[in-house]
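For ligands, and for the atoms within them, numbers begin at 1 and follow the listed sequence. Starting from 1, each residue takes its place in the sequence as its number. Side chains are part of it too, since the values below use all heavy atoms of this structure and drop only hydrogens, waters and symmetry mates.
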Amino acid sequence: MNFLSTFVTFQNLHEVRRLCHWGPVIALSVIAICSTMAILDSIIWYWPLDTTGGSINFIMLLNWSVLILYNYFNAMFVGPGYIPLGWKPENQQDTQYLQYCRVCQGYKSPRSHHCRKCNRCVMKMDHHCPWINNCCGHLNHAYFTSFLLLAPMGCSHAAIIFIMTMYTQLYERISFGWSTVKIDMSAVRQFQPLMPFSVPAFAATLFALGLALGTTIAVGMLFFIQMKVILRNKTSIESWIEEKAKDRIQHYQTGEDFTFPYDLGTRWLNFKQVFTWSGTPKGDGIEWPVHPKCHQHTLTIEQLKQKADKRVRSVQYRAVEDYNGACCPISKGLQTFFRTPCTEEPRIPLNKGDTILATRGTKWWMYGDKVLNEEHITVGERVRGWFPRRCVEKCHYDTAASDSTSVKKLTPGLRHATLSTVWRLHLISFYYFCKNKLLASNYIN
Ligand SMILES: [Zn+2]
Ligand SMILES: [Zn+2]
């Protein structure tokens, strides 16, 4: 274990159970198949080890496998970092700006969110990734993103080997009639393969090529999404909070100027906060450097405002297209197909005219509760999950409020209470705004 722990940091040994899940099983199988096939194809049929190029190729292939597995296991076992159970801010007064997590019996520190899969409050939570069966957050963001970069690079290398193996091995047997294609095949003719390139070998190589190309495209896209998150210093959840903040400000016409607090100003500074030479990102995952115009609780106050606001004014969407609940629906456009959320959370089928209360979303997908009729509500049924954004359109608030079941359910007293919460939070932010104006020089990044 000591030997292993120099490569992979096991926070707790019981974390090994994370491997027992379809995500890691599939991911590790793909890595194993692609790397083994690339190595076998190289040394048996394509690039013999007794040549300099062949040796370098072999070392490179091993190198990819080690780097990919190193980052993969670290992303899984180091984990995102969890907020200690029962956590409270140092200053008791700050609790009024924070949400309380009943499961963890503590306050949620800035940027943290409770993950239902991990059952803990996660530091700088981005999303729960089924492929590592863990959350992507503060401590493993760099490992996770490095894995997303290295996997497509390794798979591209393997794909080239697979194509070249099949091409060179079939060249001698089948004439494609490509007389105009002039490739120097003298090296291939001199090299006697260790064993004949049989049909099973051809089938296995073709299968591995499919896996490698699929991984390159799918994981490569995830890499660009994560790089965007890192360079803007804004997690997927925070992008959604910001979108709702703009929407709330526009609705109430409060004239507030919402500045996202955690963007350090330049992409390079944001990058350096996550990627460090030691592998451990900067900061303790609880307190964060913020924009000079903001303070530690800018975003948590905004979250509280949105929570209070949600009870008064629901963000409703109406289905304008039917949706059958498929994970990757082809008929809803390429972007919806490819950008399907990488989560095990359910998809909900929609019928034209359905009303949905959205709670979060990405550019192409949304997550929310379907508004059910009285009959279902009394049974306690709840339909919650993801659906394509293009299948719905936003309702106007006036019309939304008039036919919203959840708003109707609020008693006048409760509605008054939530409205006063909204105004109390507006006052808190006004107080912070004045305090910032006076003490602007005290906030150091
Ligand atoms: Zn929690
Ligand atoms: Zn999680």
Hey, are Arg232 and Ser239 close enough side-chain-wise for a donor-acceptor pair under 3.5 Å?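 Looking only at side-chain atoms, Arg232 and Ser239 do not form any donor-acceptor pair under 3.5 Å.
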Picking from His141, His138, His113, Gln226, what satisfies side-chain hydrogen bond (donor to acceptor under 3.5 Å, both in side chains) with Asp126?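 That would be Gln226.
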Name, closest N/O/S atom of His128 to the Zn ion (ligand 2):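 In His128, the N, O or S atom with the shortest distance to the Zn ion (ligand 2) is ND1.
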Do NZ/NE/NH1/NH2 and the carboxylate oxygens of [X] and [Y] come within less than 4.0 Å?
X      : Y      : answer
Lys305 : Glu256 : yes
Lys244 : Asp309 : no
Lys394 : Glu243 : no

Is it true that some N/O/S atom of Cys129, main chain or side chain, lies under 2.8 Å from the Zn ion (ligand 2)?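 No.
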Which N/O/S atom belongs to His114 and is the closest one to the Zn ion (ligand 1)?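 In His114, the N, O or S atom with the shortest distance to the Zn ion (ligand 1) is ND1.
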Rounded to 10 degrees, the angle SG of Cys104 makes with SG of Cys121 at the Zn ion (ligand 1):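 Vertex the Zn ion (ligand 1), arms to SG of Cys104 and SG of Cys121: 110°.
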If I take the Zn ion (ligand 2) as the centre, what angle separates the SG atom of Cys135 from the SG atom of Cys115? Nearest 10 degrees is fine.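 Centred on the Zn ion (ligand 2), the SG/SG angle is 100° (to 10°).
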